[in-house]
Structures are given as structure tokens and as C-alpha cells.
Amino acid sequence: MIKYNPAKIEKKWQKRWFTSGVFEAKNSSKKPKYYLLDEFPYPSGDGLHVGHCRPYIGLDVIARKRRMQGFNVLYPMGWDAFGLPTENYAIKKGVHPAIVTKKNTANFKKQMKNLGLSFDWSREINTTDPKYYTWTQWIFIKLFEAGMAYKDKININWCPKDKTGLANEEVINGCCERCGTKVEKREKSQWLIKITKYADRLIEDLSNVDYPARVKDQQINWIGRSEGINIDYQIENSKKVISVFTTRPDTNFGATFLVVAPDGKFVKENVEEFPEKEKVRAYVKESLAKPEIDRTAEGKKKTGVPTGWYAINNLNGKKMPIYVGDFVLGQFGTGCVVGVPGHDVRDFEFAKAMGLEIIRVVVGPDGDKSEITDVKQVQEEKGTMINSGFLDGRDIHEATKVIMDHIVEKGWGKKIVNYKLRDWVFSRQHYWGEPIPMIYCAACGWVTVPEKDLPVALPKVTKYQPTDDGESPLSAIEKFVNTKCPKCGGAAKRETDTMPNWAGSNWYFLRYTDPKNNKSLADEKVLKYWMPVDWYNGGMEHTTLHLLYSRFIFKFLWDIGALPKEIGNEPYKKRTSHGIVLAEGGVKMSKSKGNVINPDDVVKEYGADTLRVYEMFMGPFEQMIPWDTKGIVGARRFLEKIYILANKKVATKSSQDLALALNKTIKKVSEDIELMKFNTAISAMMSFVNEWYSSETGLDKKDLQKFLTILSPFAPHLAAELGLKERTWPTYAEIQEATVMMIVSVNGKVRDKMEMKSGLDQSQVEGLVLHTPKIKPWLEGKQVKKIIFVLNKLINIVV
RNA sequence: GCCCGGGUGGUGGAAUGGUAUACACGCAGGACUUAAAAUCCUGUGACGGUAACGUCUUGUGGGUUCGAGUCCCACCCCGGGCACCA
């Protein structure tokens, strides 16, 4: 008996595939194009684990199906290789990061090939390749030229362990996303990118793309748009005004104090004039010394000190004391809050702590008389204004409109939109990243490196260590730092910070279309052909990072004409995301826990096709799922059965039942792949194989081809080995089977199932059903009230 | 606190408002074998019954419906994201 030997089969077919170039996409074709993309990996030293493979296999299934559907498919792969783990390894072992990267990518590539993934390796890219990062640097220059990149001294998130600045998006719960160390605030001069300028478009254009709702929601929340008004309050006995952002001006008659942020502009500019400047100075010093997490971790305890200044509420002439309090954020709005303690929990807590007056200006429909009602809770419902002069008696929503217009008309303020999204901190103090192509000249200021001089290559160094003072390791290399100003020719210094690792991934999907171009980031004609990406899969963890950044950079490049207008202003038509694979027992797979499963081992023991089938079968694609080594044998047995059947049971004519079952299976598999319901697609094939297994006759050659075709995206090696020649995805017919199983229920409870001819109408079915021995007893002595009839499906007798 | 998901056998999971527990793993029994592995066959939600069959069962409690895992309301629990955002 012939034995299924995946090791032999798989090597053979992989060799054929990767030497013949069958997976290489052509830049022009009579076929329609289809661009499928999965996020490219960071090639770590540990290699791929079984969780990384899952999304690649999932999209590989789609890629293989699309090819058979007659598309010219681009399914590329590359390496997002700049980053800290490689740098740290290089520091520890004294090996150049480029060498480490080369070794790691070779290993990743080998692992991917072993799985039979149908990547177009002729388009492989690597973000650390100078020929690639030339264009990453070019994009930075364009950003600078457009006024979208600027250097500013700001309080940044500083990770003391990684010794680098972090973007807001890289800080999780006040800790470094990568190493979990508590993030500190540090004042540093940094490059920033004006992503905030694109905030509205990043929200609005989401309506034109096919993303899961949760991805859209998360991006919208992250951008955090809020409409409101900046109200200017006169400061008592002074010409100065203080401007305060609020979304609820309707409650302004209830304002009893103002609070400014300790790190905000207002304090910086005016401390010296505060009557209470000593107290304020001490408070500011104390609160800035605390790491931000500790400040928020102390709960909602409100602290603050008075400045001694007062602001005047134009609406009622009321004198409001101005405090400094650290619950107010310096970076949001104007760094200042107007305290309405009757209707905001935080203001209420502050008022209680400071002994300030509390005035109610809104009553809910139930007319509650408590000291405070959080207006945010009332918002969706109804509230009526009280103690608010001309607003009294109005509904809160109406009052908001009236008071806004009133304030604007009087010149006391103007409408404004604020965002939680901040400008993007783009400087990192590390070696292993793209040098920022800027030169500082004492006479000319910041000057871009001329395009002809790109790339600004990373210099060879012996030490990659970041420094404690927060300077990039590049700053110690005089040959690199000292240069001439491209504008005036005078002595000048290079920027020594490097870019964050998001820089290379911002635009990589464009490069795949034309990876070897050295005149532009990609040729216009080729971009026109391939873009936008038709289907982009990736991790949920990138929703407010890579996915948002790359949408932004794409829009920017499109705006400045670096991309053809025809391709539209969104890079990805459709986005999906995969769930992560957990270790057995539902804990995270990690090297430190020693529970990582290496795909190489699984391939060795069971074969690549088995691993592919199992990874697709284990559960819903987008869901987190624990690995189960025992479960793999199910996938192997399934393939084993197919191997036996295809070798033995080939008939001259397929049996009627089997042909019908195959038709149903083709339909199910075709539809499920599109919905990424790979698990149910496979279970349908399993059911079919089981039926085939117990059938007397078997399939004929034509039907066998059809089955191998739908199997081939999942188990391509086996399908090829069993003689798959068909390169066309099979169609299926909508067949109404001759007999149907009719459900007979009484009062909604199933009492019988009867096989009958399909297409019978209600009265015919009633005739067959009402007097059977199984149903009759349920109707005895009862009145039939109603009969519900569903064609070919069910009849329900209500008594 | 706010915004998303989710809760179904021993396990992973399946189910356009219409047969709940497909498919797979595991387990039990049997066949083959000197024996084991592999393979094959049978069974496998719970309770009662020799059985036919009946009753109960999709986190909890209500509701809509001829009929609810699926829709509505309230609550409990789990996962993810945001979080003193004015």
C-alpha cells in the first residue's frame, strides 16, 4: 500500500514552485490585478513561531484561490528589520546588526518556504537596505519641505531602559510598549510630524474603506475629535485673558473656578506675577517630578494650589479663582479647565478638596436634587437649565447652541475642534534605524540633505550602545556628524537621531509594486496598475500605530503628487485582522515561558500541509486561539484519507450522491474562504471526505480534479502530488435536491422528521403529517389553532 | 468610567429566527495483533428508562414570537482598546 509521505512530496513541489517562478506577479497582464498583503514581520532571532504563520497561511489560501479565479495576484513578503532586539543582540555579541539581520531573514525565509507559502520572492524588500531607506529618507525630506516635519523642545515619553524617546502610541499604561519599563517625562528637542493636520481626513475617509467596525471605532477613538468652544475670560485687574476649551458651554453659568495644568503655557508665562508664586512653583516642581503613571495611579485624588489670580465670567460677572492642578493636562486644549463642579465629577472632586462653591445649573427629567449630576451621563437624555439667566428652562442641547452663538457674537470666544491625537514624535536615540536626513547649519538653520546625496547611510561603528544622556550613538562619530551645509557650504552638523521603526513600514506596500526602482519610490505606471492594496491583513495591535501612520503617510504622498491621483486617497481597500495563537492552556506564547511551538518541528513531524490545515481549522481566523498539539492529528488523518481515496477510489463515473455532495462542498468552501471562515470550509471538506470514504463507488477523474482544486489552497503540496492539473476554480450549481427532510413540530417542539418530495405545498404536507402515529398523540383532545408552514423545511402545528 | 468583542459538551468549536451540540480532539467499548502502536467499526450533552421514548440544557433573570443560542430589556462574568481628553 502506498504511504502518504509529506516530507518527500513537499520538498519536491516547493523546489518546482520556487525555481519556476509561478508565484511571480507580472506588472501588466490581461488578467485583473489583485494585491493581497499581510504585514511584514520583524525578523527576530527566534524565528517564526506557529502563531506568526497563521495569517500568512490564511492569506495564502486566498492568494491561491484568486490565482485560480483568473487574477494576476501580487502576494509579496519582506522584512521590517530595523529595531531594538537586533540592536541589543548586536551590542551583546558585538556583531553588526546588518549581519544579524541577514542571518535572521534567511532563517525566516527558509521557514516560510517550508510552509509552501506562495510569496513572490522576486519582490522581497528589506527596510534596512540602503536602497530601500533612501526612499524612507526621501519621504522625510518631503515632509520637511511641506512644513509637516518640525523640531521642537517637548516633554517626551522617555524609556529609561531602552534609553529612547517613545511616541504616545508606544506607551501602554504608562509603560514602554516593548520592555514594560515605567516611562518618564523628559524634555528633549525632537522631530515631530504633523499627523494632527490629517486628523479629520483620517476619520472621514474611513467611510470609504472596508475595515471591520472595531478597527474604525478604535481609530476614531484614538484620534478623539471633540467639538467645542474656546472661551476667553478676562483676568481681574489685568489686561490678560485666559482661554479655556469646553464642549459644554451650556453649563457655564455654573462655573465657579478655573484650573490650569502645571506643565502648561499659562503657568510658564505668568508664574512670576502670581501673588502665590512660591506655592505654585513648589507645586509645579513636585508634580512634574512624578512619573505620569504614579500621578494617575494615586487615584482620582485631586490636588492643587491657588495662583491668587481671578478670572471674570462674562456671562454673570462672577469672580472665579484660578488654581494650578495636576489633573489638568498641559497638552490638551488650552491646558486649562473651567470648573463646573455641579456637573462634572472631576470638577466636583476638585471643588470638594479645595472647598469651592458648587452650583447646579441642569436638572434631569427626574428632577434630582443631589449635589452633582455628571452632565456626560445626562447628555443622551434630557436636561433643563436652571440658575442660568437667559438659558433657564431651555433643554441642554438647545442651550448649548444658543450660548455658543451668544459667546461668539459677543467676541468672548470662538468655536474650535480639539483632538486627542498628538503630533508624532519621530526621533529615536538609537543606531539601528534610518538616519534622519537633516543638517543643522548655524547660519541657515535646518537644511535637508540634497536628494542626490541620499541615502544618508548608517556609518560603520564599533559601539552601538545608546547613551544615558539620551544622545544617539551616532553623535559620537565625528566623521558622520561634521559635514558641510548644502546651502552655504559652511561647517554644519548632521542630525544624529534615527527614525522610529514605523518609518520603514509607512510606505512598504508601495515598494512591492516596483522594488528595484532607483529613480523614485515606485514607478507611476506600476503604482497605477497595482494600487490600492485590495486586501490587507494584520494584527489588531497595529490599529492605532502602523495602520494609522501608513494611512496618513499615504495621504500625504498622494497630496504632494508623489502618487498618481487615480489610485485614490486610501492605501487599503479592505482590512481584516487575525487572532493571536496562544500556547496550550491559553497563556501567551513566549520564549521566556518556554512554550513556543516552532513550525519547523510540526512540519518535520506531520508535514506542512497538515500544519496549514490545522492552523486554518483550529478556530475562527480573527479569534484568539490556544494551540493544541493533540488536535493536529485530526488534520493529518484528514489528508491521509484523501491520499488513500485519490489513489484507490477513482471510478469511471461518480455516484449521484457524491456528485451532489461535492457540489455542496464547493459552494461552502468557495463562500467560506471569502469570509475567512477557513475552519468551516475545512469541516465541510472533512464531511465530504467521510462520505466519499464510506461510499461504494467513489469519484470520477473530473470530480476528483474539482475536489483537489478546492483542497489545494489549504494543502497545495498534496493536491499537486495527487495530480491536480486544473487551474480554474470550480463553479457550483444551485441544485434543489429531490427529497427534503421535513421538520414536524407541535407548539414549536420537534416531534418528528419526515423525508418527503421537495416542493410540496402546505396542504399536501398536512395530509402526510397530521395522522402519523408519532404526531397524532400530540394532537389528541386538542384544538389545532394554527399551522405554520415553511417550504421544504418545517411545519409547526399550534394547538 | 467610556468604546468594542465574547460567554454553547470533557476540549477547540458549528448553527440566513426554524433538527442546538456539525467538524475535530479526547474518552469508552469492539475488530485486527502473541502484544503494542497505527488503522477500522460503534458509542459519547445531562437526567429517567432494558428499550421505544420522555424531560431538561447555549452565563443569569425577564420579554417579543407559532418557534429564541440567534431579536429586545436588565444583570453577572471574561477578553481587547482608551482613560483625569475638559
Side-chain angles (χ1 to χ4, degrees), chain A residues 1 172-174 212-222 224-226 228 244-248 251 258-259 261 292 295-296 298-302 325-329 331-340 344-347 349-350 374-377 418-421 540-541 543-544 579-580 584 586 613-614 617-620 622-635 637-638 640-641 644 677 679-690 693-694 741-753 774 785-790 793-799:
Chain A
M1 189 174 146
I172 311 289
N173 280 329
R214 58 187 174 143
V215 171
K216 291 188 182 182
D217 286 348
Q218 242 183 72
Q219 289 204 343
I220 291 167
N221 285 344
W222 182 260
R225 184 190 151 98
S226 56
V244 183
F245 178 69
T246 177
T247 56
R248 296 301 302 267
T251 62
L258 300 187
V259 191
E292 208 168 10
R295 219 170 77 188
T296 44
E298 278 164 20
K300 303 278 149 89
K301 231 176 248 167
K302 297 289 179 289
D326 66 4
F327 81 92
V328 181
L329 302 170
Q331 321 92 299
F332 188 80
T334 59
C336 177
V337 166
V338 53
V340 184
D344 181 283
V345 188
R346 291 154 311 169
D347 295 350
E349 286 162 355
F350 191 80
D374 191 349
V375 274
K376 279 180 201 144
Q377 308 296 329
N418 263 310
Y419 303 92
K420 288 204 283 186
L421 184 73
M540 270 314 277
E541 72 276 17
T543 301
T544 56
I580 60 168
E584 256 162 301
V613 168
Y614 175 63
F617 179 67
M618 61 199 292
E622 74 288 352
Q623 194 181 297
M624 250 205 274
I625 194 109
W627 183 259
D628 179 17
T629 301
K630 275 193 242 150
I632 303 170
V633 298
R637 282 175 195 157
F638 166 62
E640 202 106 34
K641 271 186 193 172
I644 293 167
K677 292 168 77 175
N679 52 335
T680 49
I682 290 170
S683 81
M685 286 190 282
M686 284 173 166
S687 297
F688 173 75
V689 168
N690 290 342
Y693 209 77
S694 53
M741 193 61 85
M742 189 58 94
I743 307 302
V744 187
S745 59
V746 179
N747 284 346
K749 269 200 182 347
V750 179
R751 295 302 175 190
D752 197 11
K753 300 159 195 178
K774 274 197 181 161
K785 267 205 237 156
K786 196 169 167 186
I787 293 180
I788 311 284
F789 177 75
V790 182
K793 217 162 212 173
L794 145 151
I795 182 159
N796 184 25
I797 304 145
V798 187
V799 297

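The structure displayed is predicted, hence computed values, not measured ones. Chain A is the first sequence line, chain B the second, and so forth, proteins listed ahead of strands; every chain is numbered from 1.
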Do A:Lys641 and A:Asn690 have side-chain atoms, one donor and one acceptor, less than 3.5 Å apart? yes

Under 4.0 Å between a side-chain N/O of A:Arg637 and OP1 or OP2 of B:G26, yes or no? yes

Atom-pair distance (CZ on A:Phe350; C1' on B:A86), nearest Å: 13 Å

In the 5'-to-3' direction, what one-character label does each nucleotide of nucleotides 9-19 of chain B receive under the scheme B = base within less than 4.0 Å of a protein heavy atom, S = sugar-phosphate only, - = no such atom? ---BSSSB-BB

Using the P atom as the point on both nucleotides, what is the distance between B:G43 and B:U8, in whole Å? 27 Å

Between the base of B:C84 and the side chain of A:Lys302, is there a donor-acceptor distance below 3.5 Å? yes

A:Gln218 atom CD is separated from B:C4 atom C1', nearest whole Å, by 8 Å

In whole angstrom, what separates A:Asn747's CG from B:A68's P? 11 Å

What's A:Lys749 touching, base or sugar-phosphate or nothing? Going by heavy atoms closer than 4.0 Å. sugar-phosphate

For a quick check of understanding: with a heavy-atom distance under 4.0 Å over all strands, which category does A:Lys630 fall into, base, sugar-phosphate or nothing? sugar-phosphate

Would you compute the distance between atom OG1 of A:Thr629 and atom OH of A:Tyr614 and round it to the nearest 0.5 angstrom? 7.5 Å

Using atom CD1 of A:Ile220 as one end and atom C1' of B:A83 as the other, report the distance to the nearest whole Å. 18 Å

B:G1 versus B:A74 - spacing of their P atoms, nearest Å: 16 Å

Output field dot_bracket for RNA chain B (Watson-Crick or G-U, both distances under 3.5 Å, | for other-strand pairs) contains (((((((..(((.....[....)))((((((.......))))))((((....))))..(((((..]....))))))))))))....

When the distance from CD1 of A:Ile580 to P of B:G80 is rounded to whole Å, what number comes out? 9 Å

Please give, in whole Å, the distance from B:C53 C1' to A:Asp752 CG? 13 Å

What is the nucleic acid contact for A:Asn690, judged by heavy atoms within less than 4.0 Å: base, sugar-phosphate only, or nothing? sugar-phosphate

Using the closest heavy atom to pick a nucleotide of RNA chain B for each, name whichever of A:Ala635 or A:Gly224 lands nearer the 5' end. A:Ala635

Roughly how far apart are A:Asn418 CG and A:Thr246 OG1, rounded to 0.5 Å? 11.0 Å

Where does B:G54 land, syn or anti, given syn is within 90° of 0? anti

Categorize A:Arg225 for me: base, sugar-phosphate, or nothing, with a 4.0 angstrom heavy-atom threshold over every strand shown. nothing

Taking B:A14 as the reference, what is the distance to B:U70 when you measure between their C1' atoms (whole Å, please)? 13 Å

What distance separates A:Asp752 CG from A:Ile795 CD1, expressed to the nearest 0.5 Å? 11.5 Å

When rounded to the nearest 0.5 angstrom, what distance separates OG1 in A:Thr680 from CE in A:Met685? 10.0 Å

Contact class for A:Val798 vs. all strands (heavy atom < 4.0 Å): base, sugar-phosphate, or nothing? sugar-phosphate

Using the C1' atom in both, what is the distance from B:G7 to B:U21, to the nearest Å? 15 Å

Please list, chain by chain and in numerical order, all residues satisfying ring pair (Phe, Tyr, Trp, His ring centres under 6.0 Å) with A:Phe638, sequence neighbours excluded. none

Measuring only the P atom in each nucleotide, how far is B:G63 from B:C53? A whole number of Å is fine. 33 Å

Go through A:Ile743 and A:Lys793 one step at a time and tell me if the side chain to side chain contact (heavy atoms under 4.5 Å, CB included) criterion holds. CA-CA 6 Å; A:Ile743 307 302; A:Lys793 217 162 212 173; 5.8 Å; no

A:Asn221 has an atom CG; how far is it from atom C1' of B:C3, in whole Å? 5 Å

A side-chain contact here means heavy atoms from C-beta on lying under 4.5 Å apart; do A:Met540 and A:Ile580 qualify? no

Using the side-chain heavy atoms of A:Asp326, tell me which of these nucleotides is nearest: B:C82, B:C84, B:C40. B:C84

When you compare B:G26 with B:G17, how far apart are their P atoms, in angstrom units rounded to a whole number? 34 Å

Please measure how far the P atom in B:G9 lies from the corresponding atom in B:G5, and state the result in whole Å. 23 Å

Whole-Å distance, A:Met540 CE to B:G6 P, equals 13 Å

Can you tell me how far C1' in B:U44 sits from the matching atom in B:G10, rounded to whole Å? 11 Å

Would you compute the distance between atom CZ of A:Phe789 and atom CG of A:Asn796 and round it to the nearest 0.5 angstrom? 12.5 Å

To the nearest 0.5 Å, how far apart are OG in A:Ser745 and CD1 in A:Ile797? 7.0 Å

Six-ring centre of A:Phe350, A:Lys302 cation under 6.0 angstrom, axis tolerance 45°: no

For a quick test of reading the model: is some side-chain N or O of A:Lys786 closer than 4.0 Å to OP1 or OP2 of B:C66? yes

